[in-house]
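Report on one structure; see the data block that follows.
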Amino acid sequence: MLAFILGTFFLIAGIYHAFRGTPRIWRDPEQARRITENLTGFPFGPEVRRGMVRGTVLMTTNMFLLGGGLICGALRQQQATANDTTLLWAFMASVGLTLTSVLLGLLITWFNVPKTLVPPHMRDEVGLVTRKLRDARHRRAHRS
């Protein structure tokens, strides 16, 4: 029952985010800046929060995948038939796609790639790891 409730919550959140949050961030640089500043509940610095906002498409995707996966898993558990593997495969696909999406989200936060998943006005930004490597290289160059 809890999986149904959480799955429904994630699906509703995904729908809201897909039609309200993501388009705003995608089109409006000011909205992206505001959301970055308001993500203070996360124990990360501003660069990580900015990377999370850059990955808004993947966050929306994850909401749908988590919601669908939870509901498929709960339905599979309730049916408890060994012959029907459709819900099991749907659940496994959801888990695999969620992990792939999380990995892509980390790539966007750390390196700002793939650019096609990043809002157009944020594509020129430097990822967190890329910035740290560049700064370290810059410090080494000025020391010698």
Among residues two or more places apart or on two chains, list those pairs meeting ring pair (Phe, Tyr, Trp, His ring centres under 6.0 Å) that have a residue in residues 20-49.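 Not a single pair qualifies under ring pair (Phe, Tyr, Trp, His ring centres under 6.0 Å).
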May I have all residue pairs that pass salt bridge (Lys or Arg N to Asp or Glu O under 4.0 Å) and include part of residues 5-28, sequence neighbours excluded?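 Listed by first then second residue: nothing to list.
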Pairs involving residues 86-114, ordered by first then second residue, that meet salt bridge (Lys or Arg N to Asp or Glu O under 4.0 Å) (sequence neighbours left out):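 Every candidate salt bridge (Lys or Arg N to Asp or Glu O under 4.0 Å) pair involving residues 86-114 fails, so no pair, neighbours aside, qualifies.
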Quick one: does [X]'s side chain have a donor or acceptor within less than 3.5 Å of a partner on [Y]'s backbone?
{"X": "T100", "Y": "G96", "answer": "yes"}
{"X": "H121", "Y": "I25", "answer": "yes"}
{"X": "S94", "Y": "A90", "answer": "no"}

ILVMFWY cluster, [X] and [Y] together (side-chain gap under 4.5 Å):
{"X": "I35", "Y": "L128", "answer": "yes"}
{"X": "F64", "Y": "M59", "answer": "no"}
{"X": "M63", "Y": "L39", "answer": "no"}

Interatomic spacing from [atom1] in [X] to [atom2] in [Y] - rounded to 0.5 Å:
{"X": "R50", "Y": "E37", "atom1": "CZ", "atom2": "CD", "answer": "9.5 Å"}
{"X": "H142", "Y": "H138", "atom1": "NE2", "atom2": "NE2", "answer": "3.5 Å"}
{"X": "L58", "Y": "T98", "atom1": "CG", "atom2": "OG1", "answer": "11.0 Å"}
{"X": "L75", "Y": "L70", "atom1": "CG", "atom2": "CG", "answer": "11.0 Å"}

Under a 4.0 Å N-O cut-off, is there an ion pair linking R33 with E30?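 Counted as a salt bridge, because a side-chain N and a carboxylate O are separated by less than 4.0 Å.
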Table please: side-chain donor-acceptor pairs of residues 104-117 below 3.5 Å, with sequence neighbours left out.
{"unit_1": "T109", "atom_1": "OG1", "unit_2": "G105", "atom_2": "O", "d": "3.0"}
{"unit_1": "N112", "atom_1": "OD1", "unit_2": "R54", "atom_2": "NE", "d": "3.2"}
{"unit_1": "N112", "atom_1": "ND2", "unit_2": "M122", "atom_2": "O", "d": "3.2"}
{"unit_1": "N112", "atom_1": "ND2", "unit_2": "R123", "atom_2": "O", "d": "3.3"}
{"unit_1": "N112", "atom_1": "ND2", "unit_2": "E125", "atom_2": "O", "d": "2.8"}
{"unit_1": "K115", "atom_1": "NZ", "unit_2": "N112", "atom_2": "O", "d": "3.4"}
{"unit_1": "K115", "atom_1": "NZ", "unit_2": "R123", "atom_2": "O", "d": "2.6"}

Please go through L88's hydrophobic cluster and name the other residues, only I, L, V, M, F, W, Y counting, with side-chain heavy atoms under 4.5 Å joining them.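 Members other than L88 - counting any ILVMFWY side chain reachable under 4.5 Å - are F91, M92, V95, L99.
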Over all heavy atoms of both residues, which pair between T36 and R49 is shortest? Give the atoms and the distance, please.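 Heavy-atom minimum between the residues: O-NE, 3.3 Å.
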With a 3.5 Å cut-off and sequence neighbours excluded, list the donor-acceptor pairs that the side chains of residues 4-19 form with protein atoms.
{"unit_1": "T8", "atom_1": "OG1", "unit_2": "F4", "atom_2": "O", "d": "2.7"}
{"unit_1": "H17", "atom_1": "ND1", "unit_2": "T22", "atom_2": "OG1", "d": "3.0"}
{"unit_1": "H17", "atom_1": "ND1", "unit_2": "T60", "atom_2": "OG1", "d": "2.4"}

Tell me, with the steps shown, if N62 and S101 meet side-chain hydrogen bond (donor to acceptor under 3.5 Å, both in side chains). CA-CA 7 Å; N62 278 340; S101 184; 3.0 Å; yes
